[in-house]
Amino acid sequence: MSRLAVTGTEGSLAWQAAQSFLGASSIHACADMGSLLELFTSGEAEFGLFPVYNTREGERKQHFRFFDRINSGYWVDNVVLYSQISLGVFEETRNLAGVRTIVGSRETLSQCEEFIDTCLPAAREISVADLGAFIAGLQPTERRGLAVIDSEARLRALGLHILEREIAPYNRTRYAVFGHSLAEPTGYDATVFITAPLPDRVGLLVDILGEFSRRGVNILDLRTENDVKTQKLRIYLEVEGHITEKNMAGAISHIEARVIQQKDAIRLLGSFPRVDMRTKYIKTFGFIGTGEMSQWFAERLQGEGYEVLLTGRSSALRPEEMIERVDVVVICVPISATAATVKQYGPLIAKGKALILLAGESEETIQSALAATDPEVEVMLVHNLWGPKAATMRDKNAIIVRTPRSGVFCSEFESFLYKHGADIFHDSPSKHDLLMGMGQRLPTIISVALAMTLHDNNITSEDIASHCTLTSLYPILAMARVHSQNPRTYAEIMATAGDSRKIAWDFVKNLDMVMHMADASAINDMTGQIATNARNLSEDFLDTRMRQARAVDEVLSRMI
């Protein structure tokens, strides 16, 4: 039995892809896709390999036709082949002007279209299936003015001289590998589906995609085509995760039963280790801090194919050892310990690596990091405005504070946040601390002070429930949140340094001013102050927030 069947001749790009998958094992070259399918579906070949995407050509349109014709087996793996395509001639020369005819496979001619149109627009193109046989059959006189495009190694093997190198830069082809058994999960997988021809319905595609999005499943690829026979829509989807995962199976079941409302409307093509056509600069992250937030980020980074090491006070692996082994060090410790941790471990981070601070206080933390690390270490602060109980980052706010030393590693981490749905906002250190005074420190201080005030006045929870309006319920809910979670977290939020203190003390000053007006029954003054505040807040802001408030009111009114 042949181990792997491919279309193309020995030495072709598909043959090279097969060799990279199986090494020197048995490869069967098929003249066409029909022969490959027959060899694979009959069981004579253990694997079948064919191209599905090229960075210069885009998708291969025979996707749907191939998937229709293959009735057994699964897509189990991928090969990404970098093709350094060059232009070769039979007589050594430096002159393109003598080239009148270009020979190559249909795929290589298409991938080099830009070069041919620019440099050899008048040349005739000849597409051949077997390049070696074509060249062997040429007479010496037929070789004049003839150029061949293929990989540099193959051109040299055929005895040609290289006239132009790398005529199709950034040229990579993705080959799908089909096998007879579903691939086992690896933890960094993708799954591909294709639908049956679907009936027309408004919003069908959006609803299908929304079901994956709602479950936090990222969509890697989406293609649509009308079925040739029925002209109904067919959808090809590649999503992150393995078909054996509960979340994935649940999404497919719901889409078939509730969205498409058609049994067996979605056909599984396979699951396989995820392939990334993009460049990744980071291989390994190392966390200092083993708390829930570190573990939350570590799980998602591992889901993106990164190696992640967690270290802390009680871990077997010490931070000093970890720092030597990783590309990016992430410090995720309590706010009060961040600066000291940076000063202790920052000097150990080598040039060309990065330090990312998952922290709530910006200015002093970043100053400590820039002072403690080598000038060639990247530095960036990320303040994630969600806790470890969040299911996903979708629609959660992430504040990014870049520094003059933030580079490609920092940008890759930011892209990771963006990919997972976080709403990203860029701040300067001082602006971040000022805004977090309003967003976190002040509401926490008010919540703690409110609980103290209720106690001072012997107001019970029953009293609150019986006398709350929907408006007064908002601060009560915030108070409940603060007092039902980790008290140290909120204590550290209240103790943050920087410009967040200014926000809190300005509030105290203004509260005192409003209290004096209220005690003096200065109705006109208070009315004027409210009107001034409304102008300062802006009409757009008030309209948007009132719509949100009414939506919350509607929910709360049903729960009271």
Side-chain angles (χ1 to χ4, degrees), residues 287-301 310-315 319 329-345 355-366 368-369 380-401 417 420 422-423 425 427 429 432-455 474-505 507-508:
F287 279 73
I288 299 177
T290 57
E292 286 185 299
M293 205 70 245
S294 293
Q295 294 176 42
W296 193 93
F297 271 103
E299 180 183 340
R300 284 151 183 81
L301 287 166
L310 290 173
T311 62
R313 287 174 296 181
S314 59
S315 62
V329 176
V330 182
I331 292 180
C332 183
V333 296
I335 298 171
S336 59
T338 300
T341 305
V342 168
K343 291 174 184 175
Q344 180 178 359
Y345 296 111
L355 170 61
I356 291 177
L357 307 156
L358 292 180
E361 192 275 324
S362 173
E363 198 157 18
E364 289 189 12
T365 304
I366 286 177
S368 298
M380 184 173 78
L381 182 139
V382 176
H383 188 184
N384 54 289
L385 301 186
W386 65 86
K389 302 302 181 186
T392 71
M393 300 182 212
R394 183 173 171 78
D395 299 327
K396 310 293 192 306
N397 291 339
I399 313 301
I400 304 290
V401 183
L417 298 174
H420 281 259
D423 290 334
F425 299 88
D427 283 349
H432 170 266
D433 290 350
L434 190 68
L435 290 174
M436 292 323 299
M438 179 277 300
Q440 285 193 315
R441 181 177 179 146
L442 181 59
T444 303
I445 288 172
I446 292 172
S447 294
V448 173
L450 178 58
M452 295 165 66
T453 303
L454 295 174
H455 176 75
Y474 293 154
I476 298 296
L477 294 176
M479 179 190 70
R481 180 185 291 274
V482 167
H483 289 83
S484 62
Q485 299 184 81
N486 187 346
R488 184 174 182 85
T489 298
Y490 289 100
E492 294 200 341
I493 287 172
M494 291 189 288
T496 51
D499 285 347
S500 65
R501 290 177 177 173
K502 182 180 184 303
I503 288 286
W505 282 112
F507 176 80
V508 171

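Keep in mind that this is a model prediction, so the values were computed, not measured.
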Mind listing the closest non-hydrogen atom pair of Ala398 and Trp386 along with its distance?
-> CB-CZ3, 4.0 Å

Using salt bridge (charged side-chain N to carboxylate O under 4.0 Å, His left out) as the criterion, list what pairs up with Glu292, not counting sequence neighbours.
-> Lys389

Which distance, rounded to the nearest 0.5 Å, do you find between the NE2 of His455 and the CG of Leu450?
-> 13.5 Å

What are the two closest heavy atoms between Arg300 and Ala391, and how far apart are they?
-> NH2-O, 3.0 Å

Point-to-point distance, once rounded to the nearest 0.5 Å, from NE2 of His483 to OG1 of Thr444 | 10.0 Å

Might you point out which heavy atoms bring Phe287 and Leu310 nearest each other, and give the distance in Å?
-> CB-CD2, 3.4 Å

Under the side-chain contact (heavy atoms from CB on, under 4.5 Å) criterion, do Ile476 and Met479 qualify, and how do the steps go?
-> CA-CA 5 Å; Ile476 298 296; Met479 179 190 70; 4.3 Å; yes

Could you give the distance from CG (Asn384) to CE (Met393), rounded to the nearest 0.5 Å?
-> 8.5 Å

Measuring from Ile399:CD1 to Asp423:CG, what's the distance to the nearest 0.5 Å?
-> 9.5 Å

In Å and rounded to the nearest 0.5 Å, what is the CD1 to OG1 distance from Ile331 to Thr365?
-> 9.5 Å

Between Ile366 and Pro429, the two heavy atoms sitting closest are CD1-CG, 4.1 Å

State, to 0.1 Å, how close Arg488 and Ser336 come at their nearest heavy-atom pair, and which atoms those are.
-> NH2-OG, 3.6 Å

Within a strict 4.5 Å, meaning less than it, do heavy atoms of the Leu477 and Arg481 side chains meet?
-> no

Close side-chain approach of Phe507 and Ile446, heavy atoms under 4.5 Å | yes

What do the steps show when you test Ile288 against Tyr345 for side-chain contact (heavy atoms from CB on, under 4.5 Å), and what is the final call?
-> CA-CA 9 Å; Ile288 299 177; Tyr345 296 111; 3.8 Å; yes

Val382 and side-chain contact (heavy atoms from CB on, under 4.5 Å): which partner among Ile356, Leu357, Val330?
-> Ile356

Go through the structure and list residues passing side chain to side chain donor-acceptor pair (under 3.5 Å) with Gln344, not counting sequence neighbours.
-> none

Residues Phe297, Leu358; criterion side-chain contact (heavy atoms from CB on, under 4.5 Å); working and verdict = CA-CA 10 Å; Phe297 271 103; Leu358 292 180; 3.8 Å; yes

Walk me through it: do Val401 and His383 pass the test side-chain contact (heavy atoms from CB on, under 4.5 Å)?
-> CA-CA 8 Å; Val401 183; His383 188 184; over 6 Å; no

Does any N or O in the side chain of Ser294 come within less than 3.5 Å of the main-chain N or O of Gly289, such that one atom is a donor and the other an acceptor?
-> yes

How many angstroms lie between NE2 in His420 and CG in Leu301, if you round to the nearest 0.5 Å?
-> 7.5 Å

Taken in chain and number order and not counting sequence neighbours, the residues that satisfy side chain to side chain donor-acceptor pair (under 3.5 Å) with Lys502 are Asp506

Identify the two heavy atoms, one from Gln295 and one from Thr290, that lie closest to each other, and give their separation to 0.1 Å.
-> NE2-O, 2.8 Å

